[in-house]
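When a ligand or atom number is given, it counts from 1 through the structure's own listing order. Quick note: numbers below take in every heavy atom, side chains included, and nothing from hydrogens, waters or symmetry partners.
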Amino acid sequence: MICDNITVNKQNHLCFAGFDTVEMAQKYGTPLYLMDEAKIRQHINEYKNAFKKYFPVGSAPEFASKSFSAKQIYRIMQDEGMNIDVVSVGEIYTAKSAGFDMSHCFFHGNNKTDYDIAFAIDNGVGYFVIDSFEEIEAVNLMAKDKGIVQKALLRITPGIDTHTHQKISTGNVDSKFGFAIATGMADEAVQAVLKCENISLCGFHCHIGSQIFESDPFILACDLMLDFIAHIKATQNYTADILNLGGGFGVKYTNDQPTLNLDEKIGEVAAAINQKCDELGIDVPKIAMEPGRSIVADAGMTLYTVGSVKEIKGYKNYVSIDGGMTDNPRFALYESPYTVMLASRANDTPDFKATIAGRCCESGDIIQNDVTIPKPQRNEILAVLTTGAYNYSMASNYNRVARPAVVMLSDKGDYIAVKRETLEDICSLDV
Ligand code: LLP
């Protein structure tokens with residue numbers, strides 16, 4: 001199994017976090033997102049422990065809200081003493097309403113509107129991650145207006161192509177994000193922000209991409225960012241307190257992908273940082289990172305009910321399910337790989353090759369091409385694994401399909417974290 005929270009019971013049913021998925025499907029209906037609360041907490045602690053072990057005091061990981069945002073996740077983050085990042089007023093509002101201490105929150109975005117900036121300041125967001133010259137000016141003005149000094153990081157583009165899918169690679173010089181080191185823009189941004197009386201610059205941020213398994217790209221980013229930190233110290237007499245390395249490590253979606261040893265990878269990054277700082281003669285800054293996927297992805301699973309099995313003789317087979325791109329657009333967008341299992345007969349021989357198709361009126365509504373599973377029958381339960389990240393958070397109401405519920409599985413039992421949308425919900429904003 002690709003993750004240790006997946007097992008099969010005596011009824012030959014797939015189990016997730018020890019819960020029988022067929023029972024869960026009967027109890028809550030499908031499509032259904034399941035989340036393994038213990039797994040989320042485990043990953044948070046893997047990051048926190050590695051940070052404590054390898055990085056200077058004050059270093060801390062942040063959970064990237066964009067991977068999964070709902071009130072319950074922020075309660076878990078608060079409970080675990082985890083920082084968060086947010087990218088919209090919607091995420092700020094959700095976290096705040098869940099009782100999250102917003103001083104531990106980092107606000108990202110390449111185009112924060114005046115409304116966003118005011119909202120974030122009013123709601124006590126700890127740090128802005130500033131992404132443009134306009135934002136420097138707007139945050140300074142707004143903070144002055146409100147009589148505060150706003151803490152901030154500057155988002156820097158180190159200029160690294162990490163070879164992840166182009167749509168999720170964000171460290172290139174020509175990226176829409178950040179201030180590029182290569183063009184001198186980053187130097188200018190530091191000059192501009194240091195002149196601002198109502199912004200306190202706490203350090204620098206970079207993000208090189210997502211779904212990265214190796215430490216090398218992070219080490220390269222650290223190299224460039226630490227060179228930049230040393231250069232800014234020498235030229236502008238400013239010492240960065242925090243270096244934020246952006247998103248976390250990759251996640252195993254299929255058996256051919258590696259299993260990550262987080263402690264080892266973070267240890268490798270830390271060793272490179274220490275050596276580089278030594279060479280440059282600078283203090284090791286506090287390190288931050290913003291993992292999303294590697295906290296929640298394998299803590300999630302989606303259950304569907306099979307509707308039809310269509311065999312197009314000599315061509316291909318389709319298994320149609322009662323969800324699809326509305327609850328998981330990642331194959332349609334990025335051709336993302338996933339592992340699919342027949343939850344109703346988990347250990348039966350997988351001898352039927354089929355494409356798993358969603359129910360939307362669009363041929364691109366595919367969850368996965370050519371997977372091999374036992375041949376399903378109508379009303380059997382199909383499971384797509386590792387869907388905890390960027391599935392619920394990217395779900396839509398296309399075709400006016402209602403979004404599924406999110407059910408948390410914990411040692412205290414199963415409970416609803418997000419209710420299933422109703423037909424009334426779908427029309428609730430229509431006038
Ligand atoms: N920090 C920043 C600034 C980011 O842009 C991202 C992801 C993260 C942190 C979190 O990265 P993670 O640890 O989750 O890899 N919708 C795409 C993913 C887009 C990620 C964009 N940024 C997907 O479904 O794969």
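Residue contacts with ligand 1 for V129 are absent, since no atom lies close enough (heavy atoms, distance under 4.0 Å). Contact annotation: for A64 versus ligand 1, heavy atoms closer than 4.0 Å belong to the side chain alone.
Using a 4.0 Å cutoff on heavy atoms, P291 counts as a contact of ligand 1.
Close approach to E290 involves these atoms of ligand 1, each under 4.0 Å from a residue heavy atom: 1 (N), 2 (C), 3 (C), 8 (C), 9 (C), 10 (C), 13 (O). Near M394, the atoms of ligand 1 lying under 4.0 angstrom from a non-hydrogen atom of the residue are 16 (N), 24 (O). Atoms of ligand 1 found under 4.0 Å from any heavy atom of G247 (numbered from 1 in listed order, with element): 1 (N), 8 (C), 9 (C), 10 (C), 11 (O), 13 (O). Set against the non-hydrogen atoms of S210, the atoms of ligand 1 under 4.0 Å away are 11 (O), 12 (P), 15 (O). Distances below 4.0 Å separate heavy atoms of R330 from the following atoms of ligand 1: 23 (C), 24 (O), 25 (O). The atoms of ligand 1 that sit less than 4.0 Å from any heavy atom of G292 are 12 (P), 13 (O), 14 (O).
Between H108 and ligand 1, not a single N/O pair is under 3.5 Å apart. At a 3.5 angstrom cut-off on N or O pairs, G248 counts as close to ligand 1. Below 3.5 Å of separation, one finds no N or O of R155 facing any N or O of ligand 1. Checking only distances, Y390 does come within under 3.5 Å of ligand 1, N or O to N or O. Polar contact with ligand 1: absent for S294 (N/O pair, distance under 3.5 Å). Backbone and side-chain nitrogen or oxygen atoms of Y334 are examined, and one is located within less than 3.5 angstrom of a nitrogen or oxygen of ligand 1.
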Determine all donor-acceptor pairs shorter than 3.5 Å in which one atom belongs to a side chain in residues 186-202; sequence neighbours excluded.
unit_1, atom_1, unit_2, atom_2, d
D187, OD2, H231, NE2, 2.5
N198, ND2, I148, O, 2.9

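The side chain to side chain contact (heavy atoms under 4.5 Å, CB included) with E91 is formed by just one residue from the set H108, K66, K96; it is K66.
Enclosure of atom NZ in K48 by more than 12 non-hydrogen atoms of other residues, nucleotides or ligands within 6.0 angstrom is indicated. The number of heavy atoms from other shown groups lying within 6.0 Å of CG (D256) is above 12.
Listed by first then second residue, pairs satisfying salt bridge (Lys or Arg N to Asp or Glu O under 4.0 Å) with a partner in residues 380-408 read R345-E380, R400-D430, R403-E421, not counting sequence neighbours.
A ring-centre distance under 6.0 Å is not found for Y338 and F331. The six-membered or imidazole ring of F133 lies near that of F179, with a centre-to-centre distance under 6.0 Å. With ring centers used as reference points, F249 lies under 6.0 Å from F218.
Relative orientation of the F128 and F107 rings is perpendicular, given thresholds of 30° and 60° on the angle between their planes.
Nearest to atom 21 (C) of ligand 1 by heavy-atom distance, out of K66, H205, R293, is K66.
Shown here for A346 and V8, the closest heavy-atom pair between the two residues is CB-CG2, 3.7 Å.
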